[in-house]
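One structure below.
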Amino acid sequence: MSTEAPAAKRDRTHYLYIAVIVAVVLGIAVGILFPALGKELKPLGTGFVNLIKMMISPIIFCTIALGVGSVAKAAKVGRVGGLALGYFLVMSTVALVIGLVVGNILQPGSGLHLTPEIAEKGQDQIAKTEGTVEFLLGIIPKTLVSAFTEGEVLQTLLVALLAGFALQKLGTKGEPIRRGIEHIQRLVFRILAMIMWAAPIGAFGAIAAVVGETGWKALQSLAVIMLGFYITCALFVFVVLGLILGLLARVNIFKLLKYLGREFLLILSTSSSESALPRLIAKMEHAGVSKPVVGITVPTGYSFNLDGTAIYLTMASIFIADALDKPLTIGEQISLLVFMIIASKGAAGVTGAGLATLAGGLQSHRPELVDGVGFIVGIDRFMSEARALTNFAGNAVATVLIGTWTKEIDREQLDRTLSGRSPFDEATLLDEHAESGRKET
């Protein structure tokens, strides 16, 4: 009797995502036919992404504080976090190696001649980077609430972990606080569901702007690196991640990605995996992964598990070096790219973060190559989409794997969800019926 209402609500959201597809097509058409108008529509896309971003800090706080606060032993949090960081380090290394191999095989920059006017744009990206020490100190917020007002993911993560551990120490006295956070979480997810109805407008403005700025001619000479990068990301997701997920968790990668299909469409239209972070948290919990595992793995993965960014950094570096006729030696490639993957931590899949990291890495190792960053500025948005999709897929796979290794996953619920027998409630973005059963985890 109660299953009919959610089905009707899901039908409505189905039309919403059809509208997103239509908006993307219209945006491409406007960008090609009326490029000047397309550029003026950029604020629509920016505004939508900003609406999503303003919800990330409260969602992360509620999810992690509730997840950690409901765990009986603090040691479990450390075990989950340690496994997650170890896995992220291994997969980032694998992604680096794959990008390095493909980049050296394709040599996409060979034969190109960069003009000073185009190249000098790369210098603008250097100021946007920060060193390792600054990054580590930046994890600590200025005040307890500044993490929420400044929208810093890692700062919010730190505050949420502290709040979760504090709830553990409070015991039964902290139960009213935990229930209060649960009510706030319901409110936050309801607001997010309302914001999602603006997705077609945001997608239309974002796509129209990027096509209007670059046009099709700008893509022709860069087709090799774009195509190679997309193929490499696809191979990484379906072959590498697919094999790992199938062998270690007995989960079909295609079923998992189909379950997250709407999130991939949202990322494709906004070019930022951050826009789908709240929905990934909600969907992974609905799929049967426990709150502590989801609350720790997903936000941490958004800062430390950037597989797509790792592939991008390797291929883009080789492309720029070849285009400037200053190829990198194998030793230089390894040194440079290890530095950049460390520097990329905290980028969280935000559009343009990869470009800034690339410029900062080149500046620190081979300053004469920074000028070449300007040549890929025009297509960075398109490559950012593949980066974001790959990062998102990697984090979804990591969540299932960590849940499997820690035995914090309901296999029956996972099977029901991936087979379509337990559909996700798009209206509330919350798994109400399963929450009570997972609080004692």
Side-chain angles (χ1 to χ4, degrees), residues 12-56 117-118 121-122 124-125 128 151 191-223 226 229-230 261-279 308 312 347-356 373-389 391-392 426:
R12 291 182 58 204
T13 59
H14 176 70
Y15 293 122
L16 167 63
Y17 284 88
I18 291 177
V20 170
I21 297 176
V22 173
V24 169
V25 174
L26 290 176
I28 293 174
V30 170
I32 294 174
L33 300 176
F34 311 101
L37 175 61
K39 296 176 186 178
E40 296 297 325
L41 295 174
K42 187 175 182 178
L44 294 178
T46 303
F48 174 71
V49 174
N50 288 343
L51 283 172
I52 296 291
K53 286 182 178 180
M54 79 175 185
M55 305 303 299
I56 289 176
E117 292 77 13
I118 294 177
K121 294 181 181 178
D124 297 335
Q125 301 298 326
K128 300 179 182 179
I191 294 173
L192 178 65
M194 294 164 59
I195 290 174
M196 291 308 301
W197 285 98
I201 298 174
F204 172 72
I207 296 298
V210 71
V211 174
E213 289 173 357
T214 60
W216 295 116
K217 288 185 179 180
L219 305 180
Q220 292 175 359
S221 62
L222 302 161
M226 285 186 61
F229 179 62
Y230 271 74
R262 294 184 175 183
E263 287 66 46
F264 282 112
L265 181 58
L266 177 62
I267 293 170
L268 190 63
S269 61
T270 62
S271 194
S272 172
S273 59
E274 202 172 41
S275 61
L277 186 153
R279 290 179 58 86
Y312 165 80
V350 180
T351 302
L355 194 66
V373 175
F375 193 60
I376 62 172
V377 168
I379 64 163
D380 181 72
R381 171 59 183 266
F382 293 96
M383 299 181 75
S384 179
E385 292 171 353
R387 288 201 302 268
L389 291 170
N391 292 342
F392 183 81
E426 295 283 353

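Listed by chain and residue number, Phe48, Leu51, Ile52, Met54, Met55, Ile191 satisfy the side-chain contact (heavy atoms from CB on, under 4.5 Å) test with Ile195 (two or more places apart in sequence, or in another chain).
The two atoms that bring Asn391 and Gly308 nearest to each other are OD1-N, 2.7 Å, heavy atoms only. Taking all atoms of both residues into account, the shortest heavy-atom contact from Pro200 to Ala23 is O-CB, 3.2 Å. Annotation for Phe204 and Leu41: closest pair CE2-CD1, 3.5 Å, computed over non-hydrogen atoms. Listed here is the closest heavy atom pair of Gly205 and Leu44: CA-CB, 3.9 Å.
From Tyr230, atom OH reaches atom CZ of Arg387 across 9.5 Å, with rounding to the nearest 0.5 Å. Note that CG of Leu33 and CD1 of Ile28 are 11.5 Å apart. Values are rounded to the nearest 0.5 Å.
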